[in-house]
Amino acid sequence: MKGVAISVLMVLAMVQLMVRPGEATISCEEVVNLVRPCAPYIVTGIGSPTVACCNGLDQLRKSATTTADKQQACQCAKDAAAGFPMINEQAAASLHTICKIHIDFPISKNINCQE
């Protein structure tokens with residue numbers, strides 16, 4: 001589990017450097033910080049997402065209001081998810097349903113963020 005935590009932190013650090021200035025007002029750093037509390041649930045799929053996870057998703061929903069912001073947030077979440085070979089896709093995709101928060105994209109390695 002310690003190795004998973006280190007992997008999560010490394011991927012999150014790398015995603016923070018992927019911001020494309022001028023295209024969206026939300027940054028990958030913001031997305032990563034908001035979704036970070038969801039990492040234990042996304043990796044294991046065990047139990048339920050934490051309150052901090054659901055609050056982060058709600059804040060992400062409130063922050064990503066324009067199409068550019070939503071696409072940027074989606075791409076950042078997708079890039080972060082791609083860094084987890086052991087991600088539980090079903091758990092990640094179910095976050096918004098379990099948290100009862102509507103976001104326009106699931107957290108997944110396989111989503112097309114341009115739609």
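Residues: numbered from 1 along the sequence shown.
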Peer 1: I need the Leu34 CG to Glu29 CD distance, nearest 0.5 Å.
Peer 2: 10.5 Å

Peer 1: Please give me the minimum heavy-atom distance between Gln72 and Cys28, naming the atom from each residue.
Peer 2: NE2-SG, 3.5 Å

Peer 1: Under the side-chain contact (heavy atoms from CB on, under 4.5 Å) criterion, do Cys74 and Ile111 qualify, and how do the steps go?
Peer 2: CA-CA 8 Å; Cys74 175; Ile111 188 164; 3.8 Å; yes

Peer 1: Applying the side chain to side chain contact (heavy atoms under 4.5 Å, CB included) criterion to Ile26, which one of Asp69, Thr66, Thr65 satisfies it?
Peer 2: Asp69

Peer 1: According to the salt bridge (charged side-chain N to carboxylate O under 4.0 Å, His left out) rule, which pairs have a member within residues 88-108, sequence neighbours left out?
Peer 2: Lys70-Asp104

Peer 1: Evaluate the side-chain proximity of Pro49 to Cys54: yes if any heavy-atom separation is below 4.5 Å, no if none is.
Peer 2: yes

Peer 1: Same cluster for Ile42 and Ile46 if Ile/Leu/Val/Met/Phe/Trp/Tyr side chains link at under 4.5 Å?
Peer 2: no

Peer 1: For residues 40-59, which residue pairs qualify under salt bridge (charged side-chain N to carboxylate O under 4.0 Å, His left out), counting only residues two or more places apart or in two chains?
Peer 2: Asp58-Arg61, Asp58-Lys62

Peer 1: Determine, stepwise, if the pair Cys53 / Cys99 fulfils disulfide bond (SG atoms under 2.5 Å apart).
Peer 2: CA-CA 8 Å; Cys53 169; Cys99 291; 4.6 Å; no

Peer 1: Taking all atoms of both residues into account, what is the closest heavy-atom pair of Ala91 and Tyr41, and its distance?
Peer 2: O-CE2, 3.4 Å

Peer 1: Which pairs pass side chain to side chain donor-acceptor pair (under 3.5 Å) with one or both residues in residues 47-56, sequence neighbours excluded?
Peer 2: none

Peer 1: How far apart are the C-alpha atoms of Gln114 and Gln71, what are their side-chain angles, what is the distance that settles it, and do they pass the side-chain contact (heavy atoms from CB on, under 4.5 Å) test?
Peer 2: CA-CA 6 Å; Gln114 301 308 311; Gln71 288 176 336; 3.7 Å; yes

Peer 1: How long is the straight-line distance from CG of Leu60 back to CD1 of Ile101, given to the nearest 0.5 Å?
Peer 2: 9.5 Å

Peer 1: Taking all non-hydrogen atoms of both residues into account, name the closest pair between Val35 and Leu57 and its distance.
Peer 2: CG2-CD2, 4.5 Å

